[in-house]
Enquirer: 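Dropping the structure in here first, questions after.
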Amino acid sequence: LGRRVDRKVVELEAFVEELGRRSPNFALACRPWPFNVNFFYFPPRIRKILEDRGILASRGWTSSSWLNDYDGNDDDNHDGNAYIDIPEDLADDLANVSVTLKLRLHEAGEMIIPYQPLNNQKADCFRLVLAGKKDFGIKDVHHVLDTMEKYGADL
């Protein structure tokens with residue numbers, strides 16, 4: 001069981017690292033917590049608005065900076081540089097992106113990835129849960145993010 005938990009931590013770190021490499025297409029919605037990652041996908045249209053407003057600068061996060069000091073309480077860990085606050089005027093639009101992208105991925109038979117609201121965010125975000133015995137390797141990480149970018153590019 002211990003090895004399985006350790007493997008899931010490594011898989012979580014790999015997913016968070018790849019999200020960081022793909023910024024500004026993706027951003028964390030909150031601190032990753034075992035074994036969940038909540039994140040946003042920004043299609044080019046919304047990404048441009050966020051970049052024009054200076055909201056999508058380099059986020060400056062890595063998996064190790066998130067996981068090494070995890071204390072189980074996200075409420076007091078918003079440091080302004082780690083994850084993004086969605087502006088009120090874009091929240092509904094981004095929530096519609098989440099709904100539409102989830103439906104497209106499901107209808108295409110690619111994946112079922114849930115979205116949900118978080119207390120610290122105004123828009124729904126995607127949630128990836130890493131659990132169970134099945135490995136979630138780097139190919140899986142790339143598949144999830146590549147597929148989201150493919151099906152969401154025109155939103």
Side-chain angles (χ1 to χ4, degrees), residues 1-44 46-47 50-51 55-86 94-95 97-153 155:
L1 179 63
R3 283 190 295 262
R4 192 178 311 151
V5 170
D6 290 344
R7 190 177 72 235
K8 291 301 170 190
V9 169
V10 169
E11 292 169 357
L12 176 81
E13 289 175 348
F15 190 79
V16 171
E17 289 291 339
E18 188 61 23
L19 282 174
R21 279 192 284 280
R22 294 187 187 219
S23 177
N25 296 1
F26 296 94
L28 290 174
C30 66
R31 173 186 296 275
W33 38 295
F35 292 89
N36 299 269
V37 180
N38 294 285
F39 63 98
F40 293 108
Y41 165 70
F42 301 122
I46 291 178
R47 192 165 55 242
L50 294 171
E51 287 172 341
I55 296 170
L56 279 183
S58 174
R59 304 312 302 162
W61 46 269
T62 64
S63 64
S64 58
S65 67
W66 282 109
L67 298 173
N68 288 342
D69 63 348
Y70 177 72
D71 65 3
N73 180 1
D74 191 49
D75 294 339
D76 60 357
N77 289 317
H78 187 281
D79 64 16
N81 191 33
Y83 57 86
I84 190 167
D85 284 320
I86 302 301
L94 189 55
V97 166
S98 298
V99 171
T100 303
L101 182 53
K102 178 195 183 288
L103 288 172
R104 285 181 179 183
L105 294 170
H106 178 70
E107 289 171 356
E110 290 287 349
M111 69 183 85
I112 298 173
I113 186 164
Y115 60 89
Q116 68 183 52
L118 294 176
N119 289 338
N120 69 330
Q121 290 291 356
K122 298 167 191 83
D124 292 342
C125 60
F126 289 100
R127 180 179 185 200
L128 180 73
V129 178
L130 298 176
K133 293 181 181 180
K134 186 175 188 290
D135 287 340
F136 188 79
I138 196 66
K139 286 182 181 180
D140 298 308
V141 168
H142 287 226
H143 175 74
V144 167
L145 300 178
D146 290 345
T147 304
M148 291 181 81
E149 290 174 327
K150 174 183 170 184
Y151 284 89
L155 298 174

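Side chains are part of it too, since the values below use all heavy atoms of this structure and drop only hydrogens, waters and symmetry mates. Given the structure is predicted, the values throughout are model-derived calculations rather than measurements.
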Enquirer: Would you check if Gln121 and Gln116 make a side-chain contact, meaning some heavy-atom pair closer than 4.5 Å?
Expert: no
Enquirer: At what distance, to the nearest 0.5 angstrom, does CZ of Arg31 lie from CG of Asn38?
Expert: 13.0 Å
Enquirer: With a 4.5 Å heavy-atom cut-off, do Arg22 and Asp146 have their side chains touching?
Expert: yes
Enquirer: Among Leu155, Ile84, Val97, which residue meets the side chain to side chain contact (heavy atoms under 4.5 Å, CB included) test with Phe42?
Expert: Ile84
Enquirer: If I take atom CZ from residue Arg47 and atom CD from residue Glu51, how far apart are they, to the nearest 0.5 angstrom?
Expert: 6.5 Å
Enquirer: Please check if the side chain of Glu110 supplies one atom and the backbone of Met148 the other of a donor-acceptor pair under 3.5 Å.
Expert: no
Enquirer: What are the two closest non-hydrogen atoms of Glu11 and Leu130, and how far apart are they?
Expert: C-CD1, 3.8 Å
Enquirer: If we only count heavy atoms from C-beta on, is the Cys125 to Leu118 side-chain gap below 4.5 Å?
Expert: yes
Enquirer: To the nearest 0.5 Å, tell me how far Arg4 CZ sits from Lys133 NZ.
Expert: 5.0 Å
Enquirer: To the nearest 0.5 Å, how far apart are CG in Asp135 and NZ in Lys8?
Expert: 6.0 Å
Enquirer: Does some side-chain heavy atom of Ile46 sit less than 4.5 Å from a side-chain heavy atom of Phe40?
Expert: no
Enquirer: Distance check, rounded to the nearest 0.5 Å: Ile86 atom CD1 versus Ile55 atom CD1?
Expert: 7.5 Å
Enquirer: What distance separates Phe15 CZ from Leu145 CG, expressed to the nearest 0.5 Å?
Expert: 4.5 Å
Enquirer: For the residue pair Val9 and Phe35, establish whether any side-chain heavy-atom pair is separated by less than 4.5 Å.
Expert: yes
Enquirer: In the structure I gave you, are the side-chain heavy atoms of Arg21 and Glu17 within less than 4.5 Å of one another anywhere?
Expert: yes
Enquirer: Considering residues, nucleotides and ligands other than His106, do more than 12 of their heavy atoms fall under 6.0 Å from its NE2?
Expert: no
Enquirer: Find out whether Phe136 and Leu12 are in side-chain contact, i.e. whether some heavy atom of one side chain is under 4.5 Å from a heavy atom of the other.
Expert: no
Enquirer: With a 3.5 Å distance limit and no angle check, can you tell me whether Asp140 reaches the backbone of Gly137 through a side-chain donor-acceptor pair?
Expert: yes
Enquirer: If you take all heavy atoms of Pro43 and Gly152, which pair is closest and at what distance?
Expert: CB-O, 3.4 Å
Enquirer: Parallel, tilted or perpendicular: which fits the ring planes of Tyr115 and Phe126, with parallel below 30° and perpendicular above 60°?
Expert: perpendicular
